[in-house]
Enquirer: 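Below is the structure I would like to discuss, written out as structure tokens.
Reminder, nothing fancy here: chain letters follow the sequence lines and each chain counts from 1.
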Amino acid sequence: MENTEIARIFTEIADLLEIRGENPFRVRSYRNAGLIIEGLPVSLESIVERDESSLEDIPGIGKSIHEKIVEILKTGKCRFHQELLKEVSPGLLEVLKISGIGPKKVKLLADRLGIRSVDDLEKAAREHRLHELPGMGERSEQKILKAVEGYKTLRIASRRFRLSVAYPYARNYVEYLRAVPGTIDIEVAGSLRRWKDTIGDVDILVTCRKGADVMKRFIEYPDVREVVARGETKSTVILKVGLQVDLRVLDKKSFGAALQYFTGSKSHNIAVRDRARRMGLKVSEYGVFDERTGRRVAGEKEEDVYRAVGLEWMAPELRENRGEIEAAESGRLPVLVEERDIKGDLHVHTTESDGANTLEEMVEAAIERGYEYIAVTDHSKAVGIAHGLDEKRLLKQIEDIDRLNERLKDSGKRFRVLKGTEVDIRADGTLDLSPDILKRLDCVVAAVHSGFNMTGRKMTERIVKALGTGLVNILAHPTGRLIGTREPYEVDMEKVMSAAKKYGVFMELNSYPERLDLNDSYCMLARDKGILVSIATDSHGSLHLDHVIYGIHTARRGWLEKKDVLNTRPLSELLKLLRRS
DNA sequence: GCCGTTTTCGGCCCGACTGTTTTCAGTCG
């Protein structure tokens, strides 16, 4: 069973317990367990297989949750969860998702009005039966009705925005606010600053001589569809595209603390605050304070906040409570890969298959970026829709590239075009081009493009078989996910990576914004197994080369350093690494 | 339910905004 499925059960247990009015800390334990499991780089199944007792080495997983994990893996379900579901109607879990309704109101609605589902709730609101309840009035009723509508539309669309979608909206908003007279500091915080692959909302922080001015201008932004909340220090709007944006106005002396706090992640912050508490300090978005005297000890700079609690400053991408606090404490933080470390791109297309630019144009764009090399990896013939190349056309491209390299050399440019392909891995695990021609290439990228619905076991065998041919250099977009559109196919990534290690195959981190595949957790797994990662763009046009930043930041989220990344190597070293037996 | 630089018991992150309240509970991040 997949980790996400197990995580979902624990999150549901948390929700159900909360509706039942249980001890909030018990609730938090389950919720926390869900989050931790979600973020694990290895499957629980494989952990339990190897050494069951090591489960309790994972912080946040104790005896009780350990037992439940084992139970779920053995039986496919959890009795405790099932019993709760009998007691609390499952439809109430959906009611809980309506914005503005928390566990207390869910319980109230269920107990007093017999509400069991979102539809029940909508009906009750339309019949004006809600405002009789304690703590609810006319306005609550209207608000709930609106929230139900919002929920129903959101259920169709995806609830989170892809990083690459949210990013430009945030940037434009920031530029707009920067123009307000008196604005001193302005930063985007939140999951966007951590470069998470999907973004729930955008947090913008400002310091300004006159806070009211920037707040006013914030809600007047032309793209705003709705003002959800408006206060002196905090306001929330929803943009026309549905993206929520929060603005916080701060004092200069609290800016660093606020930046730290609103960058998150939530579990990182909880860990930082917990640590501070044990040191007799209190951390809030206004600063770090001595608990006894109330004296402020830090706040203006983010670095100072971390230093006050005995930690080195760490890159936002690391702040997921995945060991960064321990690393920062002992000065063992990774030196993360940076954009300037990247020497070339090992996955690009041209007009020969489904790219928008010619070979020459792609090369020119790569040279302009300051790269030393690119690998031209057009599709192979199985991918008919992309006009994939057969052996004959590929031979012709090989000759073209040889000639182009000659010309580059003659003109004194230190740049090499690598001959490559993105060869399709067929359903039976064979490759879509003959071994003879694959051996003539510098860089063979292999990928799955069809038959996504096979079982995990078959998919794993399929990919392992392809890697075992000894003809492949890089496994491209290893899980096949399209964020918000297509789930990753079922595959045992541990086994795939073990095979990759055995056969000398590298893993790709596809930087295409819809993919970001490998994701951050799998980057960690690759690093742990000692497999170099190729941060490649899969460019289908010269402008796509810029997508590399999304890949780099995802790699940073996976703790990758320059040495963990294949295409930080200079050409000569790269060629050695790509040599196949 | 988890956890341990004060602890195997007794804590557990912290503050803003909203709506309904005359001092606060619920929700959210």
Enquirer: Between atom NZ in A:Lys107 and atom C1' in B:dT27, what is the gap in whole Å?
Expert: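 Rounded to whole Å, this separation is 18 Å.
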
Enquirer: What integer number of Å spans the P atoms of B:dC14 and B:dT20?
Expert: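 It comes out at 30 Å once rounded to the nearest Å.
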
Enquirer: Is A:Ile13 touching bases, backbone alone, or none of the nucleic acid, heavy atoms closer than 4.0 Å?
Expert: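 No contact at all - A:Ile13 keeps every heavy atom at 4.0 Å or more from the nucleic acid.
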
Enquirer: Apply the side-chain hydrogen bond (donor to acceptor under 3.5 Å, both in side chains) test between A:Tyr30 and each candidate in A:Lys68, A:Glu12, A:His81; give the one that qualifies.
Expert: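 Between A:Tyr30 and the candidates, side-chain hydrogen bond (donor to acceptor under 3.5 Å, both in side chains) is satisfied uniquely by A:Lys68.
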
Enquirer: Could you state the atom-to-atom distance from CD of A:Glu18 to P of B:dG26 in whole Å?
Expert: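 For the pair A:Glu18 CD and B:dG26 P, the rounded distance is 12 Å.
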
Enquirer: Mind checking the P distance from B:dG4 to B:dC13? Whole angstroms is fine.
Expert: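 About 14 Å, rounded to a whole number of Å.
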
Enquirer: I would like to know whether A:Glu514 and A:Ile483 meet side-chain contact (heavy atoms from CB on, under 4.5 Å); could you show each step before the answer?
Expert: CA-CA 5 Å; A:Glu514 286 82 352; A:Ile483 298 168; 5.5 Å; no

Enquirer: Distance check, P atoms only: B:dT8 and B:dG15, in whole angstrom units.
Expert: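 Those two atoms are separated by 28 Å.
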
Enquirer: Which residues pass the salt bridge (Lys or Arg N to Asp or Glu O under 4.0 Å) test with A:Glu87, sequence neighbours left out?
Expert: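 Salt bridge (Lys or Arg N to Asp or Glu O under 4.0 Å) list for A:Glu87, sorted by chain: A:Arg20.
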
Enquirer: To the nearest Å, give me how far apart CD1 (A:Ile204) and C1' (B:dG29) are.
Expert: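 Taking CD1 of A:Ile204 and C1' of B:dG29, I get 16 Å after rounding.
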
Enquirer: Taking atom P in both B:dG26 and B:dT21, compute the distance separating them and give it to the nearest angstrom.
Expert: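 13 Å, rounded to whole Å.
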
Enquirer: Taking CD from A:Glu132 and P from B:dT20, how many angstroms apart are they, rounded to a whole number?
Expert: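 Whole-Å distance recorded here is 14 Å.
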
Enquirer: Can you check salt bridge (charged side-chain N to carboxylate O under 4.0 Å, His left out) on A:Lys105 and A:Glu18, steps first, answer last?
Expert: CA-CA 11 Å; A:Lys105 288 218 178 103; A:Glu18 210 170 16; over 6 Å; no

Enquirer: Take atom C1' in B:dC17 and the same atom in B:dT7, then report the distance between them in whole Å.
Expert: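 It works out to 36 Å between them.
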
Enquirer: What side-chain donor-acceptor pairs closer than 3.5 Å can you find for residues 207-222 of chain A, not counting sequence neighbours?
Expert:
unit_1, atom_1, unit_2, atom_2, d
A:Thr207, OG1, A:Asp185, N, 3.0
A:Lys216, NZ, A:Glu220, OE2, 3.1

Enquirer: Tell me the interatomic distance from A:Phe262, atom CZ, to B:dG29, atom C1', rounded to whole angstroms.
Expert: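 Taking atom C1' of B:dG29 as the reference, CZ of A:Phe262 is at 8 Å.
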
Enquirer: Run the side chain to side chain donor-acceptor pair (under 3.5 Å) test on A:Thr554 and A:Asp520 for me, step by step, so that the C-alpha distance in whole Å, both residues' side-chain angles and the decisive distance to 0.1 Å come before the verdict.
Expert: CA-CA 6 Å; A:Thr554 300; A:Asp520 52 0; over 6 Å; no

Enquirer: Atom CG of A:Leu96 to atom C1' of B:dG26: distance rounded to whole Å?
Expert: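 These atoms are roughly 12 Å apart.
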
Enquirer: Angle class for the A:Trp195/A:His553 ring planes (parallel below 30°, perpendicular above 60°, tilted otherwise)?
Expert: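 Answer is parallel, since the angle falls under 30°.
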
Enquirer: Return the nearest nucleotide to the side chain of A:Tyr286; candidates are B:dG29, B:dG26, B:dA16.
Expert: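 The listed nucleotide nearest to A:Tyr286's side chain is B:dA16.
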
Enquirer: Using a 4.0 Å heavy-atom cut-off, write out nucleotides 2-14 of chain B from 5' to 3' as B (base contacted by protein), S (sugar-phosphate only) or - (no contact).
Expert: SS--S-----BBB

Enquirer: Which base, if any, makes a Watson-Crick or G-U wobble pair with B:dC17, both distances under 3.5 Å?
Expert: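 When the pairing criteria are applied, B:dG26 turns out to be the nucleotide that pairs with B:dC17.
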
Enquirer: What contact category does A:Pro103 fall into here, base, sugar-phosphate, or nothing, at under 4.0 angstrom with non-hydrogen atoms?
Expert: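 If one applies the 4.0 Å heavy-atom cut-off, A:Pro103 turns out to touch the sugar-phosphate alone, with no base involved.
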
Enquirer: Using side-chain contact (heavy atoms from CB on, under 4.5 Å) as the criterion, list what pairs up with A:Val309, not counting sequence neighbours.
Expert: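 Here the qualifying residues are A:Val272, A:Arg275, A:Ala276, A:Met279, A:Leu281, A:Val283, A:Leu311.
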
Enquirer: Strictly by modelled atom types, are A:Asn3 and A:Glu5 linked by a side-chain donor-acceptor pair under 3.5 Å?
Expert: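 There is no such pair between these side chains.
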
Enquirer: Report, one pair per line, the protein and nucleotides 17-19 of chain B atoms (nitrogen or oxygen only) whose separation is under 3.5 Å.
Expert:
unit_1, atom_1, unit_2, atom_2, d
B:dC17, OP1, A:Glu232, N, 3.4
B:dC17, OP1, A:Thr233, N, 3.3
B:dC17, OP1, A:Thr233, OG1, 3.3
B:dC17, OP1, A:Lys234, N, 3.0
B:dC17, OP1, A:Lys234, O, 3.4
B:dT18, OP1, A:Arg230, N, 2.8
B:dG19, O3', A:Ser140, OG, 3.2

Enquirer: Figure out the CD/C1' separation between A:Gln244 and B:dC28, and round it to whole Å.
Expert: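 Result: 9 Å.
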
Enquirer: A:Leu243 has an atom CG; how far is it from atom P of B:dG29, in whole Å?
Expert: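 Whole-Å distance recorded here is 13 Å.
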
Enquirer: Measuring only the C1' atom in each nucleotide, how far is B:dA16 from B:dT6? A whole number of Å is fine.
Expert: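 B:dA16 and B:dT6 have their C1' atoms separated by 32 Å.
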
Enquirer: Can you run down the salt bridge (charged side-chain N to carboxylate O under 4.0 Å, His left out) pairs that involve residues 225-244 of chain A, sequence neighbours left out, and say none if there aren't any?
Expert: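 Sorted pair list: A:Lys146-A:Glu226.
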
